[in-house]
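I have placed the structure first, in the form of structure tokens, so that the comments after it can refer back to it.
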Amino acid sequence: MRRKIGKLGKFCLYNDGYVECEEKIEKSAYTPAYGSFDFVYGPSAGGLMESVRLDIITFGEYIRDVIVNPYYKSRTIKIKGKEINDALLYIERINAPFTASHTIAFLMAIEKALGIEVPYELLLDRIAEIELERIRNNLLVIERLTEAAGFQVPMSSLLWLVEKVNRIIGKYFGHRYFFGVNYYGGINVEEGKIKDLEIIEKEFNELFNSLIESRIFIDRLQGNGIIKNEDSIGPAARAANLEYDARNEEIGLPYKDLGFKISTYDSADAFGRFIVRGKEIFESLNMLSRINLKKIEYTNRLAEGKAVGRVESPSGDLAYYVEVNNKGKISEIYLLSPSSINIRLFSKSMVKNIFTDLPFNWESFGIWISEIGVKFE
């Protein structure tokens, strides 16, 4: 089945390719009702990690509509005309928690455009990066859910696990956020099997099971933010039992060689997204145990071309369209971020919920505002 993923510059990206298409702006179905009012939350308020404004149309508890304005963190980044490795310095700083996903999608577009065959061992290194990034992000999302519930003990334990993952990343890749790791022509990595993964698995398993058994916790998630939409991506889609996952579709990275299995659930709510993220942590750990990191380089070359690179980031599809000229410089670039899609899903899922559901539902999508308001020059 052909599936539309989202807008990538002047193109519409599908699971099997891209075509030029017109922009269709969705209009809110909200109509004013007697007694409703606009409650403004943000752009700088307690509970928000980044600057974002939420216009919550409510009667005081029941929510009729939510309009999200993410453009308080807009940035114009000058990349066109830069050489590939110079451009990477900017790409890896668009959203630090997703640096591996951004840089690998960008490089995959470059390598496809220039017809470069990337060594198999380097592709496995890249999978290791993305899966470590997924584990860290999913731990953080679950921690944010426990923070919204006021669960101090699991919150602190999950933050400690995030720190352990950061230390593993720092040890093997030289930087806790993968800065300077990927470059056009190779990778900076410490060779060998990644150690201490079993500690992460054991401690997370205990935390995950204790949270599932907490009626107080799961009551805040079940039935909260139900969204089953064919336009969904990432954990939001898989929580609705839709088996959408670039790891299973994108042939650029050899996930199937590692026995990758899609994690799904069928409730389509914040609880389902919590379950999917938990299951994906175990699946990522399983794949990482099969990877032996190696420092690999390949011969790059000057040529012109254009292509799309796509990966499954921790929050869903992330893609770059890149054009390179015959001097090895970037002449055009577009970004499709998962957060730009998840914001629309979040807004739809909040209608008919109550006000106190909002922080749990918001966190369950794993949205990063920093990767939305980005323009390239």
Side-chain angles (χ1 to χ4, degrees), residues 5-9 11 13 18 50 70 73-114 116 118 122-123 125-130 132-134 136-137 169 173-189 246 250 252-253 297-298 300 304-325 327-341 367-377:
I5 296 169
K7 201 78 171 61
L8 178 59
F11 303 107
L13 180 67
Y18 61 95
E50 298 174 280
K73 206 172 181 177
S74 297
R75 289 170 293 166
T76 299
I77 302 176
K78 295 183 178 179
I79 285 195
K80 296 177 187 176
K82 293 188 182 299
E83 294 183 356
I84 296 167
N85 282 327
D86 289 340
L88 264 173
L89 295 174
Y90 295 86
I91 298 294
E92 66 185 10
R93 285 162 174 78
I94 287 174
N95 179 15
F98 282 16
T99 292
S101 298
H102 275 270
T103 54
I104 290 170
F106 175 78
L107 281 173
M108 286 172 65
I110 295 288
E111 290 154 358
K112 275 187 193 175
L114 305 186
I116 292 172
V118 180
L122 179 52
L123 298 178
D125 291 341
R126 290 177 175 177
I127 289 178
E129 286 182 63
I130 294 175
L132 282 166
E133 191 166 82
R134 189 180 321 281
R136 177 179 60 196
N137 183 78
I169 295 171
F173 294 93
H175 194 286
R176 292 154 65 98
Y177 286 92
F178 297 106
F179 287 3
V181 174
N182 299 301
Y183 59 93
Y184 179 45
I187 184 172
N188 291 313
V189 67
E250 173 59 46
L253 294 172
E297 293 191 334
Y298 61 82
N300 53 33
E304 60 182 355
K306 54 187 177 183
V308 170
R310 173 182 162 223
V311 301
E312 183 71 17
S313 81
S315 292
D317 290 90
L318 189 157
Y320 277 90
Y321 170 87
V322 183
E323 292 182 13
V324 185
N325 63 27
K327 296 180 180 177
K329 295 184 177 180
I330 308 297
S331 56
E332 189 57 272
I333 177 170
Y334 302 129
L335 164 65
L336 170 63
S337 71
S339 296
S340 62
I341 300 172
I367 294 166
W368 289 102
I369 299 299
S370 60
E371 63 183 14
I372 298 176
V374 175
K375 292 182 180 178
F376 294 118
E377 281 187 349

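Computed over heavy atoms, backbone and side chain alike; hydrogens, waters and symmetry mates excluded.
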**Request:** May I ask you to decide if Val308's main-chain N or O and Lys112's side chain share a donor-acceptor pair within less than 3.5 Å?
**Result:** yes
**Prompt:** Can you tell if the side chain of Leu335 reaches within under 4.5 Å of the side chain of Ile91, non-hydrogen atoms only?
**Reply:** no
**Interatomic distance, Ile84 atom CD1 to Tyr183 atom OH [nearest 0.5 angstrom]** = 14.0 Å
**Closest non-hydrogen atom pair between Ser313 and Phe98, with its separation** = OG-CE2, 3.7 Å
**Asked** side-chain contact (heavy atoms from CB on, under 4.5 Å) between Phe106 and Ile330: does it pass, once the steps are laid out?
**Response** CA-CA 11 Å; Phe106 175 78; Ile330 308 297; 3.9 Å; yes
**Request:** Check Val322 against Val324 and note the closest heavy-atom contact, atom names and distance.
**Result:** CG1-CG2, 4.1 Å
**Where Ile341 and Ile5 come nearest, the two heavy atoms and their spacing** = CD1-O, 3.2 Å
**Asked** Taking all non-hydrogen atoms of both residues, which atom of Leu318 and which atom of Ala105 are closest, and how far apart?
**Response** CD2-CB, 3.8 Å
**Message:** side-chain contact (heavy atoms from CB on, under 4.5 Å), that's the test. Do Val311 and Arg126 meet it? Break it down for me.
**Reply:** CA-CA 10 Å; Val311 301; Arg126 290 177 175 177; over 6 Å; no
**Complete:** Here the pair of heavy atoms bringing Ile110 nearest to Tyr184 is CG2-CE1, 4.0 Å
**Asked** Taking all non-hydrogen atoms of both residues, which atom of Ala109 and which atom of Ala307 are closest, and how far apart?
**Response** O-CB, 3.5 Å
**Message:** Measuring from atom CZ of Arg136 to atom OH of Tyr177, what distance do you get when rounded to the nearest 0.5 angstrom?
**Reply:** 5.0 Å
**Message:** Distance check, rounded to the nearest 0.5 Å: Phe173 atom CZ versus Asn188 atom CG?
**Reply:** 10.5 Å
**Verdict with supporting geometry, Ser339 and Glu371, side-chain hydrogen bond (donor to acceptor under 3.5 Å, both in side chains)** = CA-CA 7 Å; Ser339 296; Glu371 63 183 14; 2.7 Å; yes
**Fill in**
CD (Glu377) and CD1 (Ile79) are apart, to the nearest 0.5 Å, by 11.0 Å
**Asked** Is the closest side-chain heavy-atom distance between Glu133 and Pro314 below 4.5 Å?
**Response** yes
**Message:** Pair Thr103, Phe178 - check side-chain contact (heavy atoms from CB on, under 4.5 Å), show working.
**Reply:** CA-CA 9 Å; Thr103 54; Phe178 297 106; 5.9 Å; no
**Prompt:** Rounded to the nearest 0.5 Å, what separation is found between the CD atom of Glu129 and the CG atom of Asn182?
**Reply:** 4.0 Å
**Request:** Kindly check if the number of other-residue, nucleotide or ligand heavy atoms within 6.0 Å of NZ (Lys329) is above 12?
**Result:** no
**Asked** Given Leu253 and Met108, is the side-chain contact (heavy atoms from CB on, under 4.5 Å) satisfied, shown in steps?
**Response** CA-CA 9 Å; Leu253 294 172; Met108 286 172 65; 4.2 Å; yes
**Prompt:** Any sub-3.5 Å donor-acceptor pair from Ser331's side-chain atoms to Glu323's backbone N or O?
**Reply:** yes
**Request:** Measure from the side-chain N and O atoms of Ser370 to the backbone N and O of Asn95, and report whether any donor-acceptor pair falls under 3.5 Å.
**Result:** no
**Prompt:** How long is the gap from CD1 on Ile333 to NZ on Lys80, to the nearest 0.5 Å?
**Reply:** 9.0 Å
**Side-chain donor or acceptor of Arg75 paired with backbone N/O of Ile94 under 3.5 Å** = yes
**Message:** Under 4.0 Å between a side-chain nitrogen and a carboxylate oxygen: does that hold for Glu332 and Lys306?
**Reply:** no
**Any Arg93 side-chain heavy atom under 4.5 Å of Phe179 side chain** = yes
**Request:** Report the relative orientation of the aromatic rings in His102 and Tyr320; use parallel for angles under 30°, tilted for 30 to 60°, perpendicular for over 60°.
**Result:** perpendicular
**Prompt:** How about Phe11: does its CZ atom have over 12 heavy atoms from other parts shown lying under 6.0 Å from it?
**Reply:** yes
